[in-house]
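Contents: one structure, followed by commentary.
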Amino acid sequence: NAGVTQTPKFQVLKTGQSMTLQCAQDMNHNSMYWYRQDPGMGLRLIYYSASEGTTDKGEVPNGYNVSRLNKREFSLRLESAAPSQTSVYFCASSGGAGNSNQPQHFGDGTRLSIL
Amino acid sequence: EDQVTQSPEALRLQEGESSSLNCSYTVSGLRGLFWYRQDPGKGPEFLFTLYSAGEEKEKERLKATLTKKESFLHITAPKPEDSATYLCAVQSRRLVFGAGTILRVKS
């Protein structure tokens, strides 16, 4: 049971470089999410997709773009990486709509460092 | 503004020493409260959902309870393998996470 799979697991970028983080889920969930986790802070929502073909901004969307490629896949793109985007990025999925009360299930994260 | 506060930030227990973690929240329209466990280098792992005040859920040594203002995660006779960060999240218009409690259980 793969659940939510994220690639890559680790990445180091230079300031100004671009990169796409990949996420795929095999639970047939409608909703998918991207979070960042920084020390001492709770997980913060970057973008989410309540269903295939829709995306919405979360709490901290600046500097990021997303694509819901199909029901399984949801990617996060950094167009011009900045040191402030150094973080651990988590993808999650859930069976309900974006604000439903169904639990979200998480991947194991991408650890991104920007020099 | 929706807010979730977890306490303590860190907790050290001896094996077998029971304790509780707290999650207090202020949200407009609670749809659900979630507890997650997160191990180092891993993503959060879902533990429980609580939907209404008075509700309780149990799993092995863990028991989660909910009131109108807070939730507790009670850990009975913990073992070293219970060491992890425990996250609380509250669903209203969106899902809001607390910063977590780091639990260390020593044998």
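Treat the numbers as computed from the prediction; the structure is a model and nothing was measured. Sequence lines set the chain letters: A, B, ... in the order given, protein chains first and strands last, and positions in each chain run from 1.
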In terms of heavy-atom contacts, A:Gly40 and B:Ala99 come closest through O-CB, 3.7 Å
For A:Phe90 and B:Gly43 the tightest heavy-atom approach is CE2-CA, 3.3 Å
Measuring heavy-atom distances to chain A, does [X] have an atom under 4.5 Å in its side chain, in its backbone, in both, or in neither?
X: B:Leu87; value: side chain
X: B:Gln6; value: neither
X: B:Phe48; value: neither

Around atom [atom1] of [X], are there more than 12 heavy atoms of other residues, nucleotides or ligands at under 6.0 Å?
X: B:Glu9; atom1: CD; value: no
X: A:Lys71; atom1: NZ; value: yes
X: A:Arg77; atom1: CZ; value: yes

Contact origin within [X] toward chain B - heavy atom pairs under 4.5 Å:
X: A:Leu43; value: both
X: A:Gln37; value: side chain
X: A:Arg111; value: side chain

With chain A as the partner, which of B:Cys88, B:Gly41, B:Gly32, B:Ala89 has the greatest number of non-hydrogen pairs under 4.5 Å? B:Gly41
Would you check if B:Leu95 and A:Tyr35 make a side-chain contact, meaning some heavy-atom pair closer than 4.5 Å? yes
With a 4.5 Å cut-off on side-chain heavy atoms, are A:Gln104 and B:Tyr36 touching? yes
Here the gap from B:Arg94 atom CZ to A:Asp56 atom CG, rounded to the nearest 0.5 Å, amounts to 13.5 Å
Measuring from B:Phe97:CZ to A:Glu59:CD, what's the distance to the nearest 0.5 Å? 11.5 Å
Test of understanding: clusters of I, L, V, M, F, W, Y form through side-chain heavy atoms closer than 4.5 Å, transitively. Do [X] and [Y] belong to the same one?
X: A:Tyr48; Y: A:Tyr89; answer: no
X: B:Phe34; Y: B:Tyr86; answer: no
X: A:Val4; Y: A:Leu21; answer: no
X: B:Trp35; Y: B:Leu62; answer: yes
X: A:Val88; Y: A:Leu76; answer: no

